[in-house]
Protein chains: 2
Amino acid sequence: MAAALPNDRLGFLLSFRGELTGARIRAALGVAGLHPRSVMTLMQLASGATSQRDLAAAMEIDPSQLVAILNELEGQGLAERRRDPADRRRHIVEITETGAAALERVDTAVNAAERELFGGLTDAEQALLRSLLDRVVVDPTGHDCGAE
Amino acid sequence: MAAALPNDRLGFLLSFRGELTGARIRAALGVAGLHPRSVMTLMQLASGATSQRDLAAAMEIDPSQLVAILNELEGQGLAERRRDPADRRRHIVEITETGAAALERVDTAVNAAERELFGGLTDAEQALLRSLLDRVVVDPTGHDCGAE
DNA sequence: TATTGTTATACTCTATAACTATA
DNA sequence: TATAGTTATAGAGTATAACAATA
């Protein structure tokens, strides 16, 4: 018997809709002329200044990848690196006022994107969708399923 | 004011859960030792034989990308190419019996993955999630969101 | 001249390891 | 010796253009 078609499967549906939603969100993140990864970094920095090591850990990326992102952000005046006087190996990374302003423009664009994506759902339905999604993939531990 | 944090936004939640779900599904697709793209190709071929051009169009990938996928599938005996006698430019692509058997193993693995992902939800809740997801991104006009 | 499949090229992303400067 | 940041290199994935065979 034929295997179930992708479009009939809830897992595929969630994966594909998530991909479309991600693409729409990423397009909104680009309003400030920034890469999505740069915006995600600014969002992290908005919570407070940190070292590059901690920042990379929070974003779950390798510290070496963060270098290029921060170079770009610093070149655009959206973030700043300065040496930690207490440990001169460390960089303290901070968002600038310009960076915070860019983040606000991005925020407005993301709000618009979400209205567009979820505008067909009532507030109650959006809350329901959120609660259902929160109960998916509840236990990612156990199998790393080496998709290598 | 500070921008909303990613985790507070339904768009980010859907995107991230979709990504996790996709990773779990792709791991399941790998049970037959195949790349996800190869499995997706076999799934398309299960609907019937086509030319490479039509197959690429159905999968929304470039025909040149399909070449490597079919080389792999043919090398493993899971699909076959033969010239179309009516138009010798064309290749007719078909799934083999071995390919169909591999697809069934994959199907079983995907079923298991979906039980794992959505097992915390009742059947009614799964149906609800499906219907809510179907109503997201209902109007991609203006943006190029052409999934299916 | 147009179309089908193929090859070649280039660009992005990512993962990893080696290097520097500090501790 | 260990750590923070940086640089360099290689791999996967993808997008595009050029190409040969056929119509």
Side-chain angles (χ1 to χ4, degrees), chain A residues 15-16 19-20 22-23 25-27 29-30 33-41 44-45 48-75 79-94 144-148, chain B residues 15-16 19-20 22-23 25-27 29-30 33-41 44-45 49-75 79-94 144-147:
Chain A
S15 176
F16 292 163
E19 180 56 39
L20 279 177
I25 294 288
R26 283 191 295 275
L29 296 182
L34 294 170
H35 293 132
R37 61 186 186 182
S38 300
V39 176
M40 299 303 288
T41 305
Q44 281 289 337
L45 289 177
T50 50
S51 70
Q52 288 187 207
R53 186 182 173 282
D54 292 345
L55 184 56
M59 298 176 65
E60 294 179 335
I61 64 175
D62 194 89
S64 65
Q65 295 175 269
L66 190 55
V67 175
I69 300 174
L70 291 179
N71 286 346
E72 180 187 341
L73 288 175
E74 210 167 20
E80 281 177 355
R81 279 183 275 213
R82 54 187 170 79
R83 288 282 169 193
D84 181 350
D87 182 344
R88 290 187 45 73
R89 289 174 305 183
R90 288 171 171 263
H91 278 160
I92 304 292
V93 189
E94 267 179 327
D144 41 333
C145 301
E148 83 292 332
Chain B
S15 176
F16 292 162
E19 180 56 38
L20 278 177
I25 294 289
R26 284 191 295 275
L29 296 183
L34 294 170
H35 293 131
R37 60 186 188 182
S38 299
V39 176
M40 298 303 289
T41 305
Q44 281 290 336
L45 289 178
T50 50
S51 70
Q52 287 187 207
R53 185 181 172 283
D54 291 346
L55 185 55
M59 298 177 65
E60 293 178 337
I61 63 176
D62 195 88
S64 66
Q65 294 175 267
L66 190 55
V67 175
I69 300 173
L70 290 179
N71 287 345
E72 181 188 341
L73 288 176
E74 209 167 22
E80 281 177 355
R81 279 183 274 211
R82 54 185 169 80
R83 287 283 171 192
D84 182 350
D87 181 346
R88 290 187 44 74
R89 289 174 305 183
R90 287 170 171 263
H91 278 160
I92 304 292
V93 189
E94 266 177 328
D144 48 342
C145 313

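Worth saying up front: this structure is predicted, and the values here are computed from it rather than measured. Below, chain A is the first sequence line, B the second, and so on; all start at residue 1. FYI, side chains are in, hydrogens and waters are out, and symmetry mates aren't considered; it's all heavy atoms of this structure.
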(message) Does a side-chain N or O of B:His35 approach OP1 or OP2 of D:dA12 to a distance below 4.0 Å, or not?
(response) no
(message) If you count every heavy atom of other residues, nucleotides or ligands that lies below 6.0 Å from B:Gln65 atom CD, does the total exceed 12?
(response) yes
(request) For A:Asp87 and for A:Asn71, find the nucleotide of DNA chain D with the closest heavy atom, then tell me which residue's nucleotide is more 5'. (result) A:Asp87
(request) Send over the distance from B:Arg26 CZ to D:dG13 P, rounded to a whole Å. (result) 11 Å
(request) Give a yes or no on this: more than 12 heavy atoms of other residues, nucleotides or ligands lie within 6.0 Å of atom CZ of A:Arg37. (result) yes
(message) For A:Glu74, is the CD atom crowded, meaning more than 12 foreign heavy atoms sit under 6.0 Å from it?
(response) yes
(message) Without decimals, in angstroms, what is the distance between B:Ile92 CD1 and D:dT22 P?
(response) 16 Å
(message) Atom CZ of residue position A:Arg83 - does it have more than 12 heavy atoms of other residues, nucleotides or ligands inside 6.0 Å?
(response) yes
(message) Whole angstroms only, please: what is the CZ-C1' distance between B:Arg37 and D:dT14?
(response) 10 Å
(request) Name the closest nucleotide to the B:Arg53 side chain, picking from C:dG5, C:dA17, C:dT6. (result) C:dG5
(request) Have a look at B:Asp62 and say if it touches a base, only the backbone sugar-phosphate, or nothing, with a 4.0 Å heavy-atom cut-off. (result) base
(message) Can you tell me whether the side chain of B:Arg89 and the base of C:dT3 have a donor-acceptor pair closer than 3.5 Å?
(response) yes
(request) Using a heavy-atom cut-off of under 4.0 Å over every strand shown, decide if A:Arg81 touches base, sugar-phosphate, or nothing. (result) sugar-phosphate
(message) In whole Å, I'd like the distance from the CD1 atom of A:Ile69 to the C1' atom of D:dG5.
(response) 14 Å
(message) Rounded to whole Å, how long is the line connecting atom CD of B:Gln52 with atom P of C:dT7?
(response) 11 Å
(message) Nearest whole Å is fine: how far is C:dG5 C1' from B:Asp54 CG?
(response) 13 Å
(message) Please tell me if A:Gln65 has a side-chain N or O lying less than 4.0 Å from either OP1 or OP2 of D:dT6.
(response) no
(message) Nearest whole Å is fine: how far is D:dA2 P from A:Arg90 CZ?
(response) 18 Å
(message) Looking at the base of C:dT4, is there any donor atom on it, or on the side chain of B:Ser51, that sits under 3.5 Å from an acceptor on the other one?
(response) no
